[in-house]
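Since the structure comes first, as C-alpha cells, the remarks are kept for the end.
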2 protein chains.
Amino acid sequence: MTPSSTLPEQIATHLRRNILRGVLAPGDPIKERDNALEMGVSRTPLREAVRILAKEGLVILRPARSPVVADPSLEEARASVEVLQALETLSGELACRNASDAEIAEIRRIFEQHSSLSKTAEGDALIDLFEVDMAFHTAIARASHNPALAETHAAFLARMWRQRYLSAVQRRARDRVHHQHENIVLGLEARDPKRVGAEINAHISALINNLVRLYAARDAGQEITSHEKGIE
Amino acid sequence: MTPSSTLPEQIATHLRRNILRGVLAPGDPIKERDNALEMGVSRTPLREAVRILAKEGLVILRPARSPVVADPSLEEARASVEVLQALETLSGELACRNASDAEIAEIRRIFEQHSSLSKTAEGDALIDLFEVDMAFHTAIARASHNPALAETHAAFLARMWRQRYLSAVQRRARDRVHHQHENIVLGLEARDPKRVGAEINAHISALINNLVRLYAARDAGQEITSHEKGIE
DNA sequence: AATAGCTTTTTGGCATACCAAATGAAAGTC
DNA sequence: GACTTTCATTTGGTATGCCAAAAAGCTATT
C-alpha cells in the first residue's frame, strides 16, 4: 500500500497492520531481537520503527523494558477522540474555505467508493473498507490546506486506529456512517463551514458512543479471556 | 549523570535549549557525527534525539540529508498557530467543566505573577516573563484533564516557542495580553466555556496578527542578513 | 516445603564499523 | 572559457558486538 521510502517506515507500517489485525494483541511485548530477525532486518531500523509507533501512541515505551502494544483505557481513548474531534472539525471548516473543487470532488469519490464497499464488505475486505474510511477523513484534513493540522490529525487517527477499526466494522453503524459522510460531502460542496463542522462533530460523537459500548462489551468478556489464559 | 531520564531525552533537551536560545540558528544542519563527538556520545542516541525534536517540529528531516533546524515560513507558522488556537480553545472549554477549584486558583496565581513581571521586565528577565506566560497556557491545557490534549498542546507550544517569544516580549502587546489573560481567568472562575473559548480565540488571533508583523519586519531586514552572509 | 538469595539468561541501550547515496570540486572536452 | 562528467569526500542508513540491568530459575537454608 505505502511504498514508503525509508525502511523504518516500512517496518512501522508492517507492525501497525499486525497490531490492527490483532496479530499483536494489546499488552503484547515487542522484543526487538525476535522481530528483527523474523522480518530479516537489523535491530536498529526496527528500533526506530518502534519509536514511530510510540509517537503515534500505538505502543508504550518503558525504560529498560520491552515496549508493549498500547491498551488504552476507555478514558484515555475518549480523551484522544475528543482531540480528534476538535481537529476534524477544524479541518472541515478550513476545507470549506481552502479546498479546491478538485479536492472536494476527490472527497466525494472516496465517499462513494466507501459507500459501495460498505454494502458488501465482509471478512478480510473489512480492512479495505476501513482504510477507505480513513482515507475519507484524511482527505478532508489535507483539503484544509493546513499541513500542521493534516499531520497532527493523521497522528491521532493512527493512535485511534484500532478503536476506529473496531467501531467501523460494526454492521449496525454502517447506515449511520453513510448518511453522516454524505452530509459532510454535501456540506463541503456547499462550502458551508457551520454545517460541515456540525456534521463532523456528530460523526465523532457517535464514535465516542460506539467506543463506550465496545469497551463495556470487552470488559464483560474479560473474565472469559482470563479463564482461557489460566487454561493455557 | 543519569538524574532525569534517558540519554536521548537528555540530548534532545540539550539541543532544544540550543535551538531556542539561538545557538543553533534556523536553517543550520544538525550533523550527527559532529554533534555526537562534540557531546561525547555516540551517533545512535543522538540520532534518536533528533527524531524527538523532529516530532516536535523543531527540526526538519529530509531523506538522506542532514536534518536542519526548522525555519517556518509565515504560512507555516500561521498554520501551526491555527491548530494551537483550536487546541487552546478546547482546553479552555474543557477546563471550565473539569478543572478543580485549586487548579483554577493556580491559574490565577500564575496570571498575577505574569502581570506583575510584565510591568517591569526588561533584558534577560524577559525570558522569565515569557516562561510564566507559557506556564499560564500550559496550566490551562492541563486543567482540561485531558492528557492527550495537554501533550499535543505542549508539543505545538514548543514548536512555536521562538515565534511566541518574539511576540510576547513586545512592549506594545503587553497591555492587551494582560487584559485578555484576565478575561480568561474570570471566565474560568465563572466556569463559562463560551466566554473562555471566545477570549482564548481572540488571544491567539492577536498572536497571529503579531506574527504577520514580525515576519514582515524580519523579511525587510533579510537583505542585510544576506549581505552579512556574503561577507563571511 | 517455602522462601530468600544467588546465578543464569534474556533483553534493551550504546558504540562502532561498514555501506550507499549525495554533494562538491576538479579535470577534461566541446 | 563554460559546461559536463567523474571521482573523492562527506554524511546518513544499517548491521552487529558488547555491556548493564532486569527477569526467571535454581539451590540452599530454615
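Keep in mind that the numbers below use all heavy atoms, side chains included, and drop hydrogens, waters and symmetry copies. Just so it is clear: chains get the letters A, B, ... in the order the sequence lines come, proteins before strands, and each one is counted from 1. Only a predicted model underlies this, so the values are computations on that prediction, with no experimental measurement involved.
- A donor-acceptor pair under 3.5 Å links the side-chain atoms of B:N146 to the main chain of A:A79, judged by distance alone.
- Applying the salt bridge (charged side-chain N to carboxylate O under 4.0 Å, His left out) test to A:E112 and every residue at least two apart in sequence or in another chain returns A:R108.
- Heavy-atom distances under 4.0 Å link DNA chain C to no residue of residues 52-62 of chain B.
- For A:R97, there are no side-chain hydrogen bond (donor to acceptor under 3.5 Å, both in side chains) partners at least two apart in sequence or on another chain.
- Take A:R47 and apply the salt bridge (charged side-chain N to carboxylate O under 4.0 Å, His left out) test, not counting sequence neighbours, and it matches A:E32, B:E48.
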For DNA chain C, produce a single dot-bracket line, 5' to 3'. Pairs: Watson-Crick or G-U wobble, both distances under 3.5 Å. Symbols: ( ) within strand, [ ] crossing, | other strand, . unpaired. ||||||||||||||||||||||||||||||
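- Between A:F130 and A:W161, the two ring planes are tilted [angle within 30° to 60°].
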After noting the C-alpha distance and the side-chain angles of A:I140 and A:H153, does the key distance pass the side chain to side chain contact (heavy atoms under 4.5 Å, CB included) rule? CA-CA 10 Å; A:I140 294 175; A:H153 172 262; over 6 Å; no
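- Here A:R164 pairs with A:E88 under the salt bridge (charged side-chain N to carboxylate O under 4.0 Å, His left out) rule; sequence neighbours left out.
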Derivation and outcome, side chain to side chain contact (heavy atoms under 4.5 Å, CB included), residues A:I52 and A:E9: CA-CA 8 Å; A:I52 293 174; A:E9 192 66 48; 3.8 Å; yes
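- Because its NZ or CZ atom is both nearer than 6.0 Å to the ring centre of A:F156 and within 45° of the ring axis, A:R159 counts as a cation-pi partner of that residue.
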Go through it in stages, so that I can follow the logic: the residues are B:T13 and B:Q10, the test is side chain to side chain contact (heavy atoms under 4.5 Å, CB included), and I'd like the CA-CA distance, side-chain angles, deciding distance and then a yes or no. CA-CA 5 Å; B:T13 301; B:Q10 292 177 31; 5.6 Å; no
Output a table of nitrogen or oxygen pairs between the protein and nucleotides 20-22 of chain C separated by less than 3.5 Å.
none

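- Applying the ring-ring contact (aromatic ring centres under 6.0 Å, His included) rule to pairs touching residues 81-115 of chain A yields A:F111-A:H178, A:H114-A:H181, sequence neighbours excluded.
- For the segment residues 39-48 of chain A, the set of residues with a heavy atom within less than 4.0 Å of an atom of DNA chain C comprises A:R43, A:R47, in numerical order.
- Residues of residues 25-38 of chain A having a heavy atom closer than 4.0 Å to DNA chain C, listed by number: A:I30, A:K31, A:E32, A:R33.
- The stretch residues 133-156 of chain A participates, sequence neighbours left out, in no salt bridge (charged side-chain N to carboxylate O under 4.0 Å, His left out) pair at all.
- Of all the heavy atoms in B:L149 and B:S144, the pair that sits closest is CD2-OG, 3.7 Å.
- Note on A:S66: a side-chain N or O is less than 4.0 Å away from OP1 or OP2 of C:dG12.
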Please evaluate residues A:R51 and B:K55 with respect to the criterion side chain to side chain contact (heavy atoms under 4.5 Å, CB included), reporting the C-alpha separation (whole Å), side-chain torsions for both, the decisive distance (0.1 Å), and the verdict. CA-CA 11 Å; A:R51 302 303 159 134; B:K55 150 188 131 192; over 6 Å; no
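- Remark: B:R213 pairs with no residue by the salt bridge (charged side-chain N to carboxylate O under 4.0 Å, His left out) rule, at least two apart or across chains.
- Atom P of nucleotide D:dT14 and atom CD of A:Q10 are separated by 9 Å, given to the nearest angstrom.
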